[in-house]
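Everything on this sheet refers to the single structure shown next.
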Amino acid sequence: MGIMKELFKAGLDLLLPPSCPYCRKMLANTDSLLCGECFSRLEFIKPPYCACCGRAFLGGGENHLCGDCLKSSWAFDKARSLFAYGEVVAGLIHNLKYSGKTTGIATIGWLSRQSGVVNDLDDPDFILPVPLHIKRLRQRGFNQAHMLAKTVFPDGRKKIRSDFITRQADTPAQTALSGRERRKNLKNAFVIEKACELTGRNVLIFDDVFTTGSTVNECANALRTAGVKRVEVLTICRADMLLF
Ligand SMILES: [Zn+2]
Ligand SMILES: [Zn+2]
């Protein structure tokens, strides 16, 4: 950081002391982007977890396949999430998605660098945020998955591409639907553009939340059909492991 920038930041910190983006408490340590109490409530996903879908297992031991992955196969090769779904991380994502508050974005990026999960992924040729339907994108003004991908991969920004996948159907809010309904609802929802650029490449699908996995799976399906070689998935959190 240049000296002027440093001075500017110090001045800004005096005027607006940095606060926790979740509970608004003042941050004692300006190197951390979340207060200690909120940090302690996060559940970082760490091994052992399912070697395929990344669901965490309680207790120790090696990674192995979970019951679901033994029974059925996903269209992606591997999925990982940074956190189990809990109040703090859900709150930061919710503020971004529904109130347009970007204060938690830097915090999520900072937290992602303290997770070992990202190192468990291959280095992709492209990072593909799950797209919103154009109608939803216009309502919201931004795609939260794209913004979050930029903060999690600050050095990989050139790889982040939103021009390869489009979302055709304006699917109703997935949260209101059962697993089977979600899959039916998403059938053919994603269309791949410029497939020739993707053939034989390795990609990482990026989204905010992994709920049943049907959204990222449908994306992976479309990418496979377009000839993508390896498909991995990273989400900020896993909603099937509730912390509430
Ligand atoms: Zn806090
Ligand atoms: Zn699994």
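First listed ligand is number 1; within each ligand, the first listed atom is number 1. The first residue in the sequence is number 1, and the count goes up from there.
Relative to the six-membered ring of Y98, R140 meets both conditions, a distance below 6.0 Å and an angle of at most 45° to the axis.
The Zn ion (ligand 1) has C20 SG, C23 SG, C35 SG, C38 SG as its protein N, O or S neighbours under 2.8 Å.
In this structure, the ring of H146 has its center no less than 6.0 angstrom from the ring center of F206. In this structure, F190 has its ring center at least 6.0 angstrom away from the ring center of F164.
Between R161 and E197, at least one side-chain nitrogen of the basic residue sits less than 4.0 Å from a carboxylate oxygen of the acidic one, meeting the salt-bridge criterion.
Coordination check, C69 versus the Zn ion (ligand 2): passed, since an N/O/S atom of the residue sits under 2.8 Å.
Screening D125, N202, D122 against R230 for a side chain to side chain donor-acceptor pair (under 3.5 Å) leaves a single residue, D122.
With the Zn ion (ligand 2) at the apex, C50 SG and C53 SG define an angle of roughly 110° (rounded to 10 degrees).
For E43 and Y85, the side-chain atoms include no donor-acceptor pair closer than 3.5 Å.
Shortest non-hydrogen contact noted between R41 and Y22 is NH1-CE2, 4.2 Å.
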